[in-house]
Structures are given as C-alpha cells and as structure tokens.
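This report concerns only the one structure given below.
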Amino acid sequence: MKHAEMTPMERVLTTLSHKEPDRVPLFLMLTMHGAKELGLSIKEYFSKAENVAEGQKRLQKKYTSDCYYPFFYAPIEVEAFGAEVIYSEDGPPNSGLPVINNISDIKKLEAPRVENTKVLHKVLKSIEILKAESKGNLPIIGVAMSPFSLPVMQLGFEKYLELMHYHLDLFEHLMKINMAFCIDWANAQLAAGATAICYFDPVSSTTIVPKELYYKTGFQVAKQTIAKINGPTATHFASGNCLTLSGLLLQTGTAVVGVSAQENISELKQAFKNKLSVLGNLNGIEMRRWTKEEATNIVKGVIEKAASGGGFILADNHGEIPFQVKDETLLAIKEAVKKYGTYPIQKVQA
Amino acid sequence: MERLQSTSVQLEHALLSLDQEAAIQIVREAQGNNSPDIIAGELISSTLMRIGDSWELGNLSLSQVYMSGIICEKVIDKILPPQSPIRKSQPKMAIAVLEDFHLLGKRIIYSTLRASGFELVDLGGGLSIERLIDIVKAEDIKILLLSVLMLSSALRVKELKTQLHNSDVTIVVGGAPFRFDEQLWKEVNADYYGKDSSEALQIVQKIMGDRL
Ligand code: B12
C-alpha cells in the first residue's frame, strides 16, 4: 500500500509511535552550514537569532529535512554561567577556560535563571521565529546539555572525573544546580515553541563512564531531570556508545536515543525496538570525504537495517554535521532517503 | 616473567578498583625481584596496555583508563623520579593539543607513557601551528605526539607537517576525529596514528627502538 505524503510532523510522530510513516524521517542536524548559506562567518551567524532562524529555514528547504534544529553550540550553556566561548572559522565554538577553578567553588555556584540570561534569549527567539514559520508542520528540536555532562565544560574533564570519584557531596551539589538550570532551560525552549528537547548526555555513554557508575550518577540525574521537562526528550550520546545501557535508558522516560556509528545499527534497533526510537547513525566525520555513491550506499544500508517497523529517524551520529561536509553529499543523502526510505522498505535479498 | 604476569593481573584489579594503596603495595613487592625499569617498562606498561585495549574492545570506559594512568604515574614517580637516568627521554619527545582545548586525551597518553618509564614534555593545549613549530625547534623535539578533539584541529596537522618538511620530527596523532575516520591520519600526512593509550605506547616503543 502506498501512503499519501505526510507532513514532517506526521511522519515523525508516526515513527515515534513505532509505526511506519510514508517514508523514513530525515533529521539533517546542520548548525554551522547556515552560516555558509547566509555568507556569514560562524561567529557572526551565531550572534543573532534572526540569522539562525533564516539559516534553518534555508537548510530545511534545500535538504527537505524533517525538522528545524536551532541548536547554537553546547558551550552557550557555560556562557550562561559566565564562561568565555572561543570561535573558530571552520569549526564549532568551543568552551574557553573553566568557570570553576577549584572544586570547592562549587559551593558558591548559582544556577543562572534563563529569564535573566541574555545570551540564551537569542536561542529562544530563533525558536519563536521558526515556530511561526512551521505552522505546526515541522518539529522544532531544542537542545539542553544533561546536568551530568555539562560539568566537563564547567570544570574541565580531569577535575570533573576527580569530583565524580572522590568528592561526592560536591558532585551532588553541582548536580542539583545543573538540574535546576537544565529543567528551566529545556522548559523555556518548549514554551518558546520547541516540539522536543535533545538531551545531550555523552558523559553517560559507556565510552566515558562504566555502566555501574552511570547507574549511580548519570542515570539518576536523567530520570529526575527528564521527569520535569514538559515535553518529549531524545537522549543523545553524541556518538558515544550506549548499547549496553538500553534497559536503563528506557527507565529514564526518554522517547528517542541518538546512537553511534561505532555500534552496530541492527543490534541497536533490536535492543530498542518498540520501546525507544533510534536516531542515527551516519558518521559525520567520515561523511566529509564520502562520494555521492558512498553516501547513497551507506544511507541505503542503514535504512535496510534499522527502518522497518518505524521507531527510526535517519540522522548523523553526533547531532551536528561538521562544517566541512559538502552540500552535494547532503543532497545525495536527501535523494537516497527519498529513493530507499519509502515504506515498506525493500530489502535486498541476502 | 610468569610471576610478573600474575602481579600484573593483581595490579590491574587494584587500579580498576581505584585502590591506590593496594597498587603501591603490589609494586613495592615486585620491586624486590625487579629493577625500576622492568617495573615501569614491563609490569606497568603491560598492565596499562591491557586496560587501554579493554577500552578499545568496549569492556572498560575512559574514566577507568584515565584513573589507572594517574594512579600508576604517582606510583612510578616514587621509584623512578622524573630526572632518573633510567627514564627513556631520548630522542626528545613532547605531547601537545593542537588548536583546541580538550586536554583529557593528552593527559591519558602522557601519564601512560610516563608510568611506563618514558619522560616527555607536556606542551599544553590551544597551540597554534606557528607556536608549536617555534617550540619544536627551540626545544629540539624529535617525536611530537598530537592529541585533538575537533575535526578542524585534526585537519591542521597537514599544514604543520608541511611546515616541518625539512626536519626529522616524527608526528604521531590521536584523538576522536582520527578514530571516526581511520583514513584521516594519512590524509593529513601524519607519520603514525594510535587509536588508544595502548597503541600510543606501542608506537613510541617502536619509534624509540628505530631511532636508537
Ligand atoms: C563527551 C563528549 C562531549 C562532552 C565533553 C567534551 C569535552 N571533552 O570537552 C560535551 C557534552 C561537553 C561535548 C561537547 C561538544 N562536543 Co563532544 N563529544 C564527546 C565524546 C562522546 C567524547 C569526547 C571525549 O572527551 N573523550 C575523551 C577523550 C580522552 O577521548 P579521545 O580524545 O578519543 O582519546 C582517546 C583516544 O582517541 C586516544 N588519543 C587521544 N589523544 C591521543 C594522542 C595520541 C598521540 C595518541 C596516539 C592517541 C590519542 O587515547 C585516548 C584514550 O585512550 C565525542 C565522541 C566520541 N565518541 O569520542 C564527542 C566529540 C568530541 N564532540 C564533538 C563536538 C563537535 C562537540 C561540540 C563542539 C559540539 C558543539 N557544536 O557545541 C561541543 C563543545 C565541547 C567544548 N568543550 O567546547 C565532536 C568533535 C569532532 C568534530 N565534529 O569536529 C566529537 C568527536 C563527536 C563527533 N563524532 O563528531 N562533547
């Protein structure tokens, strides 16, 4: 049976309810490419809500992505805490020196209130502009760093590992502050018009901490935080591994999981089937040198392995496609989804 | 040798339980029968290599690799101080983070190498190509280990290599972008690429051997 063409919103909602839509939804998670579209430097581009909203509109039209993704950059959240951000001409903005120099300073730390933090307002405004544009037909994906992953940028990774292992009371205190901030920030984006929140939590991946430690830390934080976010969440491991966490992830209340190209997509799909939707898992770094043929074949392969039965959104595996990825590769991905992603999926006989 | 192997298993257990006291005790006992360079170059290095390999296989996580390296570095500094003549410090070796500011990968490699009996200079992070070249020349660095986290930084290695064209500096790269695109190190003309701390150690052992 051929489905009538759905709107991106219908397509995404159908797959999230573990049913097959008209075709595989595609989330092309492009951030810096908007600057290219507008002929601006990355720094200039992210300085204004209007730029990012316009960039997202143009990118969505060009590649028929099934969402708007007004994500600025992860360090914007430590900017809210008073840290500096370092811009690059051809890469994402990075966090500068940590705001917390001594672990004991955590006691004095206060969570910024979103309503009083100017730097965050440009994100909210871009969401509002896109909301008006989308007329409810296109999901708008907001972004919040998990309270458990944010400290890498607040303290530096080494100090954070020390904190997590040896200073549990201060660790707990920091989690409380970050949870208050994360909930406030996620809910402000939902109130501005975001459809769902991408909860970035790579420190919880088994690439970074063992499952037992995750159970005591990142998992508890995720459960409590996600429960207070007033909308659906997608937990994203930013290309860190998560297959062995599948049982626990389910209990965090999240709806979607962003998975890595370094784990097997068939196994991931199997582990999450009918429970959580899988988002992924194209390798964005490798994508930089894919030919059109490679892009087509890889997309086709992932779709064949993971799309049946719904519960699947095709995307890159990090939640941000590198600036260096060429437009023609992105166009090849778009075409391949149209060609091979129409349900029911035709599987090549083995 | 067999004895050292079983000691290594005990040490691994102590490290993964973050039990520094037990690690010190195990190394102290091994010292009875072995010289400090055997302790560092065989006992500790083989233990850390297994831990590095286990991360690669997905059986351990980076926090465990990091904590193990830090503990071993502390333990070994007691029996093999930085200025010890037994430490392998020639040809001169350094480690740096090119362009970006993510220091954990560098820290893991640095402590793994030091705990295994090598001595190297830590040049820090956020270094531009120009600055790095100045330091390499001034300090007469022969083996340069580079850690990066951002793709844009990884791509800069190519220019660094071009600018160091006429020198005999060996460049070893590592970090997430190289792990996600295993052809990238060749594209940027690096001499070696190591996936993890275990490979970093093996590569340095090889280069040191070749250069002697
Ligand atoms: C955890 C994580 C985060 C955390 C913490 C990051 C941090 N360190 O600051 C948070 C949530 C903060 C984060 C944020 C971002 N991240 Co991030 N993140 C990750 C993740 C999952 C792990 C990174 C990490 O710190 N690992 C720990 C280190 C120690 O691992 P490692 O570098 O791989 O090192 C090992 C080996 O590579 C090797 N090695 C390392 N150096 C060397 C050197 C030599 C000589 C040798 C031989 C070996 C070697 O040994 C080490 C241990 O065995 C990776 C994806 C992944 N699966 O790796 C993405 C990743 C690093 N992130 C990425 C990006 C882009 C970002 C952001 C810029 C996104 C944005 N637009 O805002 C931000 C900004 C970060 C910042 N600090 O400013 C990209 C970078 C590549 C790129 N696309 O350019 C990655 C690779 C994801 C991807 N697949 O694209 N991230």
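Proteins come first, then strands; the chains are lettered A, B, ... in the order of their sequence lines, and each starts at number 1. The shown structure was predicted, so the numbers you read here are calculated from the model rather than taken from an experiment.
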Yes or no on side chain to side chain donor-acceptor pair (under 3.5 Å) for A:Gln154 and A:Asn178, after CA distance, side-chain angles and deciding distance?
-> CA-CA 10 Å; A:Gln154 293 174 306; A:Asn178 286 356; 2.9 Å; yes

Begin with the C-alpha distance, continue with both residues' side-chain angles, and end with the deciding distance and a verdict on side-chain contact (heavy atoms from CB on, under 4.5 Å) for A:Phe72 and A:Thr31.
-> CA-CA 7 Å; A:Phe72 281 53; A:Thr31 58; over 6 Å; no

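Salt bridge absent: B:Glu29 and B:Arg3 never bring a charged side-chain N and a carboxylate O closer than 4.0 Å. Between B:Lys92 and B:Glu139, at least one side-chain N (NZ, or NE/NH1/NH2) sits under 4.0 Å from a carboxylate O, which counts as a salt bridge. A salt bridge does not link B:Lys158 to B:Glu187: none of the charged side-chain nitrogens sits closer than 4.0 Å to a carboxylate oxygen. Residues B:Asp181 and B:Lys186 are not paired through a salt bridge, judged by the lack of any N-O separation under 4.0 Å between the basic side chain and the carboxylate.
Ranked by non-hydrogen atom pairs under 4.5 Å with chain B, the options A:Leu161, A:Ile285, A:Ile208 are led by A:Ile208. Chain A forms more heavy-atom pairs under 4.5 Å with one residue of B:Glu99, B:His102, B:Arg107 than with any other, namely B:Arg107. With respect to chain B, the highest number of heavy-atom pairs below 4.5 Å among A:Leu213, A:Thr206, A:Thr207, A:Val203 belongs to A:Thr207.
Within the 4.5 angstrom heavy-atom criterion, only side-chain atoms of A:Tyr166, from C-beta onward, approach chain B. Proximity to chain A (any heavy atom under 4.5 Å) is restricted, for B:Leu184, to the side chain, taken from C-beta onward. Both the backbone and the side chain of A:Pro210 come within less than 4.5 Å of a heavy atom of chain B. Only the side chain of A:Gln324 comes within contact range of chain B, judged by heavy atoms closer than 4.5 Å. Both the backbone and the side chain of B:Phe180 come within contact range of chain A, with heavy atoms under 4.5 Å apart. With a threshold of 4.5 angstrom between heavy atoms, A:Asn241 does not approach chain B through any atom at all. There is no contact between A:Thr244 and chain B, counting heavy-atom distances below 4.5 Å. The contact between B:Leu155 and chain A is made entirely by side chain atoms (from C-beta outward), counting heavy-atom distances below 4.5 Å. For A:Leu243, no part lies under 4.5 angstrom from a heavy atom of chain B.
In summary, the aromatic rings of A:Tyr73 and A:Phe46 are positioned with their centroids under 6.0 Å apart.
Ring geometry, B:Tyr193 versus B:Phe178: the interplanar angle falls from 30° to 60°, so the pair is classed tilted.
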